[in-house]
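Remarks on the structure that follows.
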Protein chains: 2
Amino acid sequence: MTKTTTGDQALIKRINTAIVLEAILREEPLSRAKISEVTGLNKATVSSLVQDLIDNQLVREIGTGVSSGGRKPVMLEFISTAGYSVGIDLGVNYLRGVLTDLRGAVVAERREPLSASDPDDVFNVLRPFIRSLISEAPDSPFGVVGIGVGVPGLVDSSGSVLYAPNMNWREVPLKDALSRTFGIPVLIDNEANVGALGERTFGSGRGVSNMVYVSVGIGIGTGLILQRTLYKGSSGFSGELGHLSVEAHGKPCRCGNRGCWELYASEQALLEQARELGFPGDLDELLAAAEAGDEKVRMLLAGIGEYLGVGIANIVNIFNPDAVIIGNRMSRAQPWIEDAVGKTLEERALNFHLRGVQLLFAELGGRSAVMGAAELSIAAFFDRLKAS
Amino acid sequence: MTKTTTGDQALIKRINTAIVLEAILREEPLSRAKISEVTGLNKATVSSLVQDLIDNQLVREIGTGVSSGGRKPVMLEFISTAGYSVGIDLGVNYLRGVLTDLRGAVVAERREPLSASDPDDVFNVLRPFIRSLISEAPDSPFGVVGIGVGVPGLVDSSGSVLYAPNMNWREVPLKDALSRTFGIPVLIDNEANVGALGERTFGSGRGVSNMVYVSVGIGIGTGLILQRTLYKGSSGFSGELGHLSVEAHGKPCRCGNRGCWELYASEQALLEQARELGFPGDLDELLAAAEAGDEKVRMLLAGIGEYLGVGIANIVNIFNPDAVIIGNRMSRAQPWIEDAVGKTLEERALNFHLRGVQLLFAELGGRSAVMGAAELSIAAFFDRLKAS
DNA sequence: TTAGTTTGTCTATTGAATAAACAAAGTTGA
DNA sequence: TCAACTTTGTTTATTCAATAGACAAACTAA
């Protein structure tokens, strides 16, 4: 409670170093003079801080730039390969992983199906999977700075998976298990949260302040980015908008509530409705049928889009966000649902809120979560830098 | 965009001064030695900063405290009467105002009915109303530091009332009008937002990090306090949870959506249902009937409570807050709706989210908004202090 | 009365940012 | 080609807030 950081000279230096580093990240390549200009810091201060960053192998000089009528500037850039990050998307029946540099550029990528479900069995697959990604990392001053993992379930602040219904997990201390094995920082979060982070950092939500990422797969999960940061509720989990009741007296949901959004707008809802109409098969087959011009399937998809729109209108009224991004598997249905979603949204959301909002689809497709997981550990690395 | 505050010694001093002032506000009366102990700042630093605060008339010495075996400490306290704040609750048919000191203690209070609706007519009532509150302020070093106003409508970041349906206002530049008249800072916000602030600071939500204030009056408005601060969406307004659709194919709402929560759980919904059952009259009469033991009216109220619970379950699933507070007029129905709300909430919200959440009723009753409005301008005063 | 404790101030030191001077390295125009 | 001007980045002296430690004042306790 009374853990206030008091101000001293070291704090000033940390603040200004962060400002300089962020300027370089934002506008590289950049000279010391230009940094002084854009940050407002004195030239001498910038010189001194840049020297520290160079000593710490975070920044390097890459030769001279073009003169604007005087001495040529020495250009600086961030050393993106000063360290690497591992991102893992732990799905119900697959495992996806990337190794990225500190900028998020993918260096290595792996995918494999996952048949195990018991936590210990999953660990036994996950450990070598991660180890092989780490082994791909080139030598670098900071090495692999951390592992980020997205999981399909509720995660508490200690990194335990409290509940993952589709994997039948309860109270699984995933973070502990992994950080003991690898001895580097491990960050665990919900699949929708890391997906939101991925799209915000590398995808269609770049630079946005307030956005809601709607992960439409078997169920519906949501990741909230409010005031530029991932919102977690008081217990560390939140954003269960899939269980927002959109039909107060609708079908009962396994969560205990009635008429939950995901009962009407998820992949599962689509498949069930399709079966009732005599279309067995999975999402791929339905999309193929729609592509081939099957009117019934197109109607079905439009219906799902309409219900997606109902929930998204609620989201827009609640959060007044800059963007709502539809991601995960259902984003592949974009051509067949986009119009229905957009139309319903416009009919239902408040006019004032509609003005500023964009309806987008995930730019990273199936990689939103895995990239967000990598970003999770990159962001933690930068936070540690700032704190020390 | 590139308006970064760089770090220098002045910043340190501002940070540490704020730390010292907050320590005094939190634990007064307090000695310099104790401040040094709880903040971690050096004794000499504390002495110097306290002297500045004394010079600025924000803090004063109030004599010696009890010795613990050595020299007696000189106790310090915040001078709550260093300045005053005006809070206004501008209702559809009433005007409520308070004059408070910098701690929020009410020095003067006024209420009067409001028959006017046209903006200019309202201004002509509002100006003398505020002037009379200001005239009650004793002489003080900072004088009246600002005016906070809560209004029943959408407010943009410039302090204009974009849309207040029940007053028939559109694009009314309220802040401009008042700050031109009084020449002191004016802050305008939505009634539910200031109500949330009032309950968070002075009422049942004291010290809570994440809470949702549900203002149930003619309609339903909501104020969101997330990560200790009032959440505003991208356009500066948000939290229109009254227009959350809880019946996707329910009654059409004037907002364009269908099945909006406020159509089923507001005072207006109650009165309409009562009329259908042959009970004309207003909320007071219904509450009196319930009090007198009228079973039909009690059932009616329980029904409203149930629908309130439906929406609050959604809120809990969305935000995983520490508390949900029911305020405004309907909070007076607490004895007749509390059980129904609680029961529905427990049936419908996710188990994990239910664990940490408290269902509360506004402690300030009808004064949540007016006290929050006063707090709005007090908080702005402290922010200005920190910035200079 | 004396020894020990607590409070709050004073003094010298540290370290980060800064303005100003400056050297180095460039451009430009006659 | 050269003198005048520009731009870059470093060096130097100064300022200012925080700090440790010394210290005086005020008190308790035995």
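In what follows, every chain begins at residue 1, and chains take the letters A, B, ... in the order their sequences are listed. All values reported here derive from a predicted model rather than from experimental measurement.
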Need to verify one output field. Residue with the more 5' nearest nucleotide on DNA chain D, A/K34 or A/Q9?
A/K34
Between atom CG in A/L11 and atom P in D/dA18, what is the gap in whole Å?
11 Å
Hey, is the main chain of B/I35 close enough, under 3.5 Å, to the side chain of B/T39 for a donor-acceptor pair?
yes
Could you tell me whether a side-chain N or O of B/R26 sits under 3.5 Å from a main-chain N or O of B/L21, the two making a donor and an acceptor?
no
Using a strict 4.0 Å threshold on nitrogen-to-oxygen distance, state whether A/K34 and A/E28 make a salt bridge.
no
Report yes or no: does A/R200 contribute a side-chain atom to a donor-acceptor pair with the main-chain N or O of A/A196 at less than 3.5 Å?
no
Partners of A/F319 by ring-ring contact (aromatic ring centres under 6.0 Å, His included), sequence neighbours excluded?
B/F319
Answer yes if the side chains of A/S234 and B/N320 hold a donor-acceptor pair under 3.5 Å, and no otherwise.
no
Phosphate-side-chain proximity, B/N16 and D/dA17, N/O vs OP1/OP2 below 4.0 Å
no
Give me, pair by pair, the N or O atoms of the protein and of nucleotides 24-26 of chain C that are less than 3.5 Å apart, along with how far apart they are.
from: C/dA25; atom 1: N3; to: A/R71; atom 2: N; distance (Å): 3.4
from: C/dG26; atom 1: N2; to: A/G69; atom 2: O; distance (Å): 3.3

Whole angstrom is fine here: how far is it from NZ in A/K13 over to P in D/dA18?
18 Å
Can you tell me how far the CD1 atom of B/I15 sits from the CD1 atom of B/I12, to the nearest 0.5 Å?
7.0 Å
B/I35 CD1 - C/dT6 P separation (whole Å)
18 Å
Return yes if a side-chain donor-acceptor contact under 3.5 Å exists between A/D322 and A/S209, otherwise no.
no
Examine D/dT10: is either OP1 or OP2 under 4.0 Å from a nitrogen or oxygen in the side chain of A/R32? Give yes or no.
yes
Report the distance from atom CE of A/M75 to atom C1' of D/dT7, rounded to the nearest whole Å.
13 Å
We want to know whether B/T81 and B/S140 form a side-chain donor-acceptor pair, criterion being a heavy-atom distance below 3.5 angstrom.
no
Interatomic distance where CD1 belongs to B/I12 and P belongs to C/dG15 [whole Å]:
14 Å
Scan residues 41-51 of chain A against DNA chain D and write down, sorted by residue number, each residue with any heavy atom closer than 4.0 Å; if none is found, say none.
A/K43, A/A44, A/S47
